[in-house]
Protein chains: 2
Amino acid sequence: MTSRPERALQPTSPREIDSDPSLGTVEGAAGPGIAADLIAVLVAVTAGEPRVLTLQDARALPSGPFELAHRSLQSGMRAWVERQAHHPLGYVEQLYTFADRDRSLGPDQRVISISYLGLTREQPTMEGDEASWQSWYVYFPWEDRRLGVPPSIEQVLLPNLRAFADAAPTFALRQQRANRIAVTFGLEGKPWNEELVLQRYELLYEAGLIPEARRANPELGPAPVQGRSMILDHRRILATGIARLRAKIKYHPVVFELVPDTFTLLQLQRCVEALAGRLMHKQNFRRLVTQQELVEETGEVSQETRGRPAKLFRFRREVLTERAIVGTKLPISRS
Amino acid sequence: MTSRPERALQPTSPREIDSDPSLGTVEGAAGPGIAADLIAVLVAVTAGEPRVLTLQDARALPSGPFELAHRSLQSGMRAWVERQAHHPLGYVEQLYTFADRDRSLGPDQRVISISYLGLTREQPTMEGDEASWQSWYVYFPWEDRRLGVPPSIEQVLLPNLRAFADAAPTFALRQQRANRIAVTFGLEGKPWNEELVLQRYELLYEAGLIPEARRANPELGPAPVQGRSMILDHRRILATGIARLRAKIKYHPVVFELVPDTFTLLQLQRCVEALAGRLMHKQNFRRLVTQQELVEETGEVSQETRGRPAKLFRFRREVLTERAIVGTKLPISRS
DNA sequence: CAACTAATGCTCAGGCGGAGTATATCCATG
DNA sequence: CATGGATATACTCCGCCTGAGCATTAGTTG
């Protein structure tokens, strides 16, 4: 780490995290102990791009200390994120908790980080606000396949990854690495799996191809791979959030938290495509949405300029209660 | 809460949790602050029953403080659970983190609880050990449908739940509750969904039908619903673990962590059935397992007594690397 | 040997998902 | 006003997966 980043969701109470271990991390706390940090991956989809709320020149996720006053972790999260985003959170889900030693403030201080995924609609950030919304593909360019496979994958990523695989000391390890590359990046006839965001990030990390992995070894020089990095492990947390969201939209109707109250089916499709980083088959997408009875017509039509006007739909909130998630893969006997 | 439970995975360092807030919760810690607790849902399948490791007369899950010495949460977990279970953990997964105020030790003390799911094979517990393995259906009798719908559901659960629904003040709320009961318990033609373990528990909790919900109101008398309860919210955590595992086995080959190294397909099936609480179609189960190439023959046959001898199989560990999880539900276009 | 139990092999029908064709309805433009 | 471009919407087709059941094999037990 080079800078001394200040992380705070509430700009009124920033605190430094990688210096001066004697600084209290919880109000009123003194001496050694454990502090808890809440980190938010706040997602919106605007103009066909999936975007995340960032701070510190787009290099940090919003985060803030968990305080004794908070009723629960989730309510603490909701409270300060809603204040920050100037908008209620539609959906909040816990991502992961970690307390790795390299995040600690000192030998007798430890930070536990609890990360959350939140869905909302983008609100304009304030003038002079250090918060800004960024396309998440700024951080993971290789995850966007809507316009086809990005050229940088073949030109930059794969050569570097292959070199990493070939650099393994034993044949078995070389095989293993090559196979892992093929699986995570969908090579050798294997399908691309858009959910493997974290696995791809970790592979690039282990291969030393991204800046985060080179912080400990500055002599390695600049990382060869595109994509903006973030402080600490925030990009890793973002990867976790993207992966979770990409999995979630397949079996739970959370997309509707990200589109306006009324929308056309194409708008909805573009939103899903933005999240998944892949294009859908239009006719089948509508079939899926309609025959699952996820939406109902409003009776209005869109005022778009080109083409046949599209009907406007709204989400049928009832589906949230009238049935649970579907989907089983076990050959359960009904008799 | 009635007793003053001692929770500790390592019997050498128990600590009291609902009394004397001045007690330090982290070694070396003093004064107000935050402490972290690790709670384990440790699962094995023995003799066709899914079992969990418990302490304190089977009323608590193993738990212990997160210590500064631990490298990470997960490694802390692994270390002390393996010591407790006298067996390496095959698979560990984080479940959930919470810090609700009603778990706090006092106004200026807060406990963050991080729960984990671990899979292993049952080892005999030590003589005089307070640890014991219990069938998880002891705590959730309504979750076992292998022998058909348990009679207690129709005889006890549903009448009480219907009374709860009818007691709602408004018509809309009555409808909503009745619908929720139907969805979670698979009534009115809706299918039983074995993954809704937590939702069912929470419904029973809200309906005031289980002891945990009545602790605050002792005048309500004994809870009418079967199933052993646990201290604090341990039964809730167990429900979370069961739900997660029931979902996981459908798309990730974790069952193999719970069966011996070599097994017959029926043994494997019985293990899955134990977890899911439902019976499988035998032929289709084999088809699923074999055509996914999850197993390979050992060449041996089982020495069981009755019926045609069954071939023994072993898990093909390669599948973990040779392909990732499958399954998509988005109409992704391949062109 | 007959009966029983369990393993294993195979078929069949319905449904769903991927893909493509066809038609409808708007706008812009000549 | 006709036409072409663009988009929305409807429908069809086919292969695969899945639930379900029948049939056969290979052991043990009485």
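Numbers restart at 1 for each chain; the letters A, B, ... are given by sequence-line order, proteins then strands. Values below: all heavy atoms of this structure, side chains included; hydrogens, waters and symmetry mates excluded.
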I'd like to know if [X] reaches the base of [N] with its side chain, counting only an N/O donor and acceptor under 3.5 Å.
X        : N      : value
A/Gln283 : C/dT21 : yes
A/Arg308 : D/dA8  : yes
A/Asn284 : C/dG17 : no
A/His281 : C/dG17 : no

For atom [atom1] of [X] and atom [atom2] of [N], their distance in whole Å:
X        : N      : atom1 : atom2 : result
B/Phe285 : D/dC17 : CZ    : P     : 18 Å
A/Leu288 : D/dT9  : CG    : C1'   : 16 Å
A/Arg278 : C/dG17 : CZ    : P     : 16 Å
B/Glu300 : C/dA7  : CD    : C1'   : 17 Å
A/Leu268 : D/dA8  : CG    : C1'   : 15 Å
B/Met280 : D/dG21 : CE    : P     : 16 Å
A/Gln269 : D/dT7  : CD    : C1'   : 12 Å
A/Glu297 : D/dT9  : CD    : P     : 8 Å

Residue among A/Ile153, A/Ile181, A/Leu161, A/Asn179 satisfying side chain to side chain contact (heavy atoms under 4.5 Å, CB included) with A/Leu187: A/Ile181
A/Gln291 or B/Arg306, whichever maps to the more 5' nucleotide of DNA chain C: B/Arg306
Touch class at under 4.0 angstrom, heavy-atom based, for A/Leu265 against every strand present: nothing
Sub-4.5 Å side-chain heavy-atom contact between A/Val319 and A/Arg316: yes
Contact nearer the 5' end of DNA chain D, comparing A/Arg287 with A/Phe313: A/Phe313
Matching residue for A/Glu195 among A/Lys250, A/Arg246, A/Arg244 - test: side chain to side chain donor-acceptor pair (under 3.5 Å): A/Lys250
Geometric cation-pi criterion B/Arg51 and B/Trp136, 6.0 Å radius, 45° cone: no
Proximal nucleotide (of C/dT8, D/dT18, C/dG20) relative to the B/Arg286 side chain: C/dT8
Check: A/Ser115 side chain, A/Tyr96 main-chain N or O, donor-acceptor pair, under 3.5 Å: yes
Phosphate-side-chain proximity, A/Lys282 and D/dT7, N/O vs OP1/OP2 below 4.0 Å: no
